[in-house]
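Numbers restart at 1 for each chain; the letters A, B, ... are given by sequence-line order, proteins then strands.
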Number of protein chains: 2
Amino acid sequence: MSRKRWRAVKEIRIADVARLAGVSTATVSRVLSDPEKVRKKTHDLVMEAVRRSGYIPNSTAQKLRMRRTMNVLVIAPRLTNPVFAEILRGVDDELTQSGYGIIIGNLDNRREREARYVDLALSRQVDGVLLLTGYIPENDTRNMRESGLPIVALCAAIHEDGIPNVVVQDREATRQAVEYLARLGHRRFGYISGTLSSIIEVERFAGFQEGIAAAGFTQGDFVRWEGPFVFSTGVAAAEAFLQMKDRPTAIFAACDESAIGFIKRVRAERVRVPQDVSVIGFDGIEFADYTEPTLTTFRQPLHELGRVGADVLLRLIHREMRPEDWNIRLPLTLLERETTGPVLHKDYKSLRRSAL
Amino acid sequence: MSRKRWRAVKEIRIADVARLAGVSTATVSRVLSDPEKVRKKTHDLVMEAVRRSGYIPNSTAQKLRMRRTMNVLVIAPRLTNPVFAEILRGVDDELTQSGYGIIIGNLDNRREREARYVDLALSRQVDGVLLLTGYIPENDTRNMRESGLPIVALCAAIHEDGIPNVVVQDREATRQAVEYLARLGHRRFGYISGTLSSIIEVERFAGFQEGIAAAGFTQGDFVRWEGPFVFSTGVAAAEAFLQMKDRPTAIFAACDESAIGFIKRVRAERVRVPQDVSVIGFDGIEFADYTEPTLTTFRQPLHELGRVGADVLLRLIHREMRPEDWNIRLPLTLLERETTGPVLHKDYKSLRRSAL
DNA sequence: ACACAAGATGTAATCGATTACAAAAATCGA
DNA sequence: TCGATTTTTGTAATCGATTACATCTTGTGT
């Protein structure tokens, strides 16, 4: 078993370079970090030694000495959700530009995994935290928030002192969604929610109820189905929908995946979308434009959300935050596509009769 | 502007705890890392001091002293591709279990971004690298590979000494795909590739050609369209397809997203799938089960790929790699769904006539 | 050529932990 | 109780950089 093939090669330290160039370590360090501070001749001498030795500074030593890690922790509920992937892209664009690295904290929809990342943050492995989770704050994360570590919440307004929020106007958008469906003539609604313990859900449901009230309806005019932000939640909602005798004619899904799952399932039972039931999603993921029919949905400015969130976090880290930056709420865009349309009472009734 | 609200609280060092407990820093360190080595009484004393002070070790100092970062770099071509998200999940499951963190390197399909991450690796910010990219190795990454840093290649066989590969049997699967289509009676094929500079593509195309040969066809019996692993590649291929007068009756797409893009586009022109053209994808992403019709595809064991890859990397890091672990090739599963079927010559011809 | 200011470089402390080695304390048998 | 042995604890070096301060060079004006 030949181990030595892949043993690390001898590591070159700054002292080695200094010796090679015949200068002190301080000079080498200066050449590398602030070339203006050394004479041209010395500079060239050192650079030659750096080149010949292949020296690369040990970043851990730098981090320790400079007291910053140049890393940011991004805690996301689930990596395979395109929404978070897209936000992460925005975050990445902004952070790598500033030389920061991203450590990912994937909860995989299991909240108890938060603890691990709280530890990571508290042990100063990162200079700041970006919270993409929409969980309602609990003791777990309290330490983190109290530690003074810069934190920015994306995706969910954590109404707490010292934590800036960069979020979308989901409440307003959800409300508009209901109003839009009401304008199309719908009277009975279905609401496919997210996990009840998430702030996102609280916001969106509040917006939904506002919309219901604004359009002159009551609690009795809609049904609510609950589950995490995944396809199967929509499928489950569809099963329940199919059992109903007085089916809603319009469905609002709090995420595109649920909407897609719902549509797939009801179409398998010959329920037509949008003739028999209109469906509107939320998120605007890329897939939503490739389903059949294409999904009407509210597009979140995901990439921008990530960029802006990262920017705010960097400002927090660099202590250049101004009060007016505290809270940012980005607008959504309604993408009117094929899954919504006016109620067709006749069609709907005949379908219902044939299903009996 | 009240800065102090979010200034970091005073940091507690091991020396503070030692003073509080009336012991030396060495003892505190021992209590925390190896409790067996200290007397029960001292242990309790120290733990009480730790508790009271809220001490958490500074991980950067630990990293420097212990000469390992407990971090792994994962370089992925594109975060929003569900394939990589899913692999990443597997990686994450394995690594967090072992206490390792993940730093992500997102190339966003732009290869020049590799350099940044090579630097990151070379400056010893991580203990190992997981390469999800399928790029053919170049000078950029050579340094990294020569540095002795543990590297494992997933997704693409980098045939180089010292780099274990954990990959899927894409060559075999692609070949089987062609044979499967040939068995259904197809004679003219379309091949929607990935980016030509990727090893993945080289492997899959080789498998495709093997399949073509094995089924008794020649180079003249298929067309090839090229582009990255995204929806729009499939759309572009569809545009080209629609212009052809002797259209292929079976399409192999080297990724599900292309396949879906293709289907969406041709259906818009009333081309029926699978009656007019059969389509088979590659990857088995979750969404492929929610399209209409549902996509026939080869499912990659993505989560397992991630887990196994991470496991191999950890073994490499811990120097407990055995030669038989060098190369692992996981099998794929054919998911026969609705986008493939036997050729229907009559239908096809009539369609073609009407399109003239 | 000299005094003095400005600029370049070196010395050594520092960041905050771990750990080899030395020293002290506890345990044990006679 | 004493000395030998074992166990526990403390001292100080170490990981590899950065940087305040001291010291040495260089340049400038007279």
Side-chain angles (χ1 to χ4, degrees), chain A residues 8-47 49-50 53-71 99 119-120 122-127, chain B residues 8-47 49-50 53-71 99 119-120 122-127:
Chain A
V9 296
K10 185 182 167 298
E11 313 250 308
I12 294 120
R13 303 184 315 293
I14 196 172
D16 301 321
V17 178
R19 194 171 332 103
L20 208 64
V23 298
S24 74
T25 62
T27 299
V28 176
S29 175
R30 277 188 283 253
V31 167
L32 262 28
S33 61
D34 194 359
E36 308 301 301
K37 289 257 176 259
V38 309
R39 244 202 340 233
K40 175 97 173 47
K41 209 175 121 185
T42 323
H43 173 269
D44 295 347
L45 207 64
V46 170
M47 284 314 283
V50 167
S53 62
Y55 169 69
I56 292 173
N58 179 314
S59 64
T60 304
Q62 290 179 315
K63 287 178 205 295
L64 176 59
R65 176 60 224 233
M66 309 189 68
R67 321 184 97 244
R68 56 189 174 139
T69 64
M70 296 301 281
N71 276 145
D119 287 352
L120 193 146
L122 257 27
S123 66
R124 278 144 290 177
Q125 290 201 50
V126 293
D127 297 337
Chain B
V9 295
K10 186 182 167 297
E11 313 250 307
I12 293 119
R13 304 183 315 295
I14 197 171
D16 301 321
V17 179
R19 192 169 336 104
L20 208 65
V23 298
S24 73
T25 63
T27 300
V28 176
S29 176
R30 276 187 284 254
V31 167
L32 262 28
S33 61
D34 193 358
E36 308 300 300
K37 288 259 176 254
V38 309
R39 241 200 345 229
K40 174 99 174 46
K41 209 173 120 187
T42 323
H43 173 270
D44 295 347
L45 208 64
V46 170
M47 284 313 284
V50 166
S53 62
Y55 170 68
I56 293 173
N58 179 315
S59 64
T60 304
Q62 289 179 314
K63 288 178 205 298
L64 176 59
R65 176 59 224 236
M66 309 189 69
R67 322 182 99 248
R68 53 185 178 142
T69 66
M70 297 301 280
N71 276 146
D119 287 352
L120 193 146
L122 257 27
S123 66
R124 278 144 291 177
Q125 290 201 50
V126 293
D127 297 337

Q: Among the candidates D:dC15, C:dA17, D:dT19, find the nucleotide nearest to the side-chain atoms of B:I14.
A: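 Selected nucleotide: C:dA17.
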Q: Under 4.5 Å between any side-chain heavy atoms of A:V31 and A:M47, yes or no?
A: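 The answer is yes, as the side chains (C-beta and beyond) meet within the 4.5 Å cut-off.
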Q: Can you confirm whether B:T60 sits close enough to B:L64 that some side-chain heavy atom of one is under 4.5 Å from a side-chain heavy atom of the other?
A: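 No, side chains not in contact.
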Q: Output the rounded distance in Å from CD (B:Q125) to P (D:dG16).
A: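 So the CD-P distance, B:Q125 to D:dG16, works out to 16 Å.
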Q: Rounding to 10°, can you tell me the angle the first-five-pair axis of the helix from C:dA1-D:dT30 to C:dA30-D:dT1 makes with its last-five-pair axis?
A: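 Answer for the end axes of this duplex: 40°.
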Q: Whole-Å distance between D:dA17 P and A:L32 CG?
A: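 Computing the A:L32:CG to D:dA17:P distance gives 10 Å.
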Q: For C:dG16, does OP1 or OP2 lie under 4.0 Å from any side-chain N or O of B:R13?
A: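 For C:dG16, OP1 or OP2 has a side-chain N or O of B:R13 closer than 4.0 Å.
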Q: Taking OP1 and OP2 of D:dA13, is either one under 4.0 Å from a side-chain nitrogen or oxygen of B:R65?
A: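 No, because none of the side-chain N or O atoms of B:R65 sits under 4.0 Å from OP1 or OP2 of D:dA13.
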Q: Starting from P on C:dA26, measure out to NZ on B:K40 and report it in whole angstrom.
A: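 Those two atoms, NZ and P, are 17 Å apart.
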Q: Tell me, do B:E11 and B:D16 make a side-chain contact under 4.5 Å, heavy atoms counted?
A: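 SC-SC contact between B:E11 and B:D16 ruled out.
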Q: Of B:M66 and A:S33, whose closest DNA chain D nucleotide lies nearer the 5' terminus?
A: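 The residue mapped nearer the 5' terminus is B:M66.
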Q: If the condition is salt bridge (Lys or Arg N to Asp or Glu O under 4.0 Å), which residues does A:D119 pass it with, not counting sequence neighbours?
A: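 Scan of A:D119 (salt bridge (Lys or Arg N to Asp or Glu O under 4.0 Å), adjacent residues dropped) gives none.
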Q: So, do B:I56 and A:R124 sit near enough that their side-chain heavy atoms are less than 4.5 Å apart?
A: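 With C-beta onward as the side chain, the pair touches.
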Q: Does the B:S59 side chain pair with the main chain of A:S123, one donor and one acceptor, at a distance under 3.5 Å?
A: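 Yes, because the side chain of B:S59 sits within donor-acceptor range (under 3.5 Å) of the backbone of A:S123.
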Q: Between protein and nucleotides 4-12 of chain C, map the contacts as a letter string: B base, S sugar-phosphate only, - none, heavy atoms under 4.0 Å, written 5' to 3'.
A: ----SBBB-
Q: Nearest-Å distance, CG (A:L64) to C1' (D:dT19)?
A: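 Answer to the nearest Å: 14 Å.
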Q: In Å and rounded to the nearest 0.5 Å, what is the CD to CZ distance from B:Q62 to B:R68?
A: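 Taking CD in B:Q62 and CZ in B:R68, the distance rounds to 9.0 Å.
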Q: Between C:dC15 atom P and A:R68 atom CZ, what is the distance in whole Å?
A: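 That distance rounds to 17 Å.
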Q: Measure from CZ on B:R19 to C1' on C:dG16 and round the result to the nearest Å.
A: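 Those two atoms, CZ and C1', are 13 Å apart.
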Q: Taking all non-hydrogen atoms of both residues into account, name the closest pair between B:Y55 and B:L32 and its distance.
A: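 In terms of heavy atoms, the two residues are closest at CE2-CD2, 3.6 Å.
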Q: Rounded to the Å, how far apart are A:E11 CD and D:dC15 C1'?
A: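 In whole Å, D:dC15 C1' lies 11 Å from A:E11 CD.
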Q: With a 4.0 Å limit, can you tell me whether B:Q62 has a side-chain N or O closer than that to the phosphate oxygens OP1/OP2 of C:dG16?
A: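 For C:dG16, neither OP1 nor OP2 has a side-chain N or O of B:Q62 closer than 4.0 Å.
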Q: Using a cut-off of less than 4.0 Å, is there contact between a side-chain N or O of B:R124 and OP1 or OP2 of D:dC15?
A: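 No, no such contact exists.
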Q: Please state how far atom NZ in A:K63 lies from atom C1' in C:dA17, giving the value in whole angstrom units.
A: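 Atom-to-atom, A:K63 to C:dA17, this comes out as 16 Å.
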Q: Just verifying a value: how many Å separate B:S29 OG and B:K37 NZ, rounded to the nearest 0.5 Å?
A: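 So the OG of B:S29 and the NZ of B:K37 are separated by 13.0 Å.
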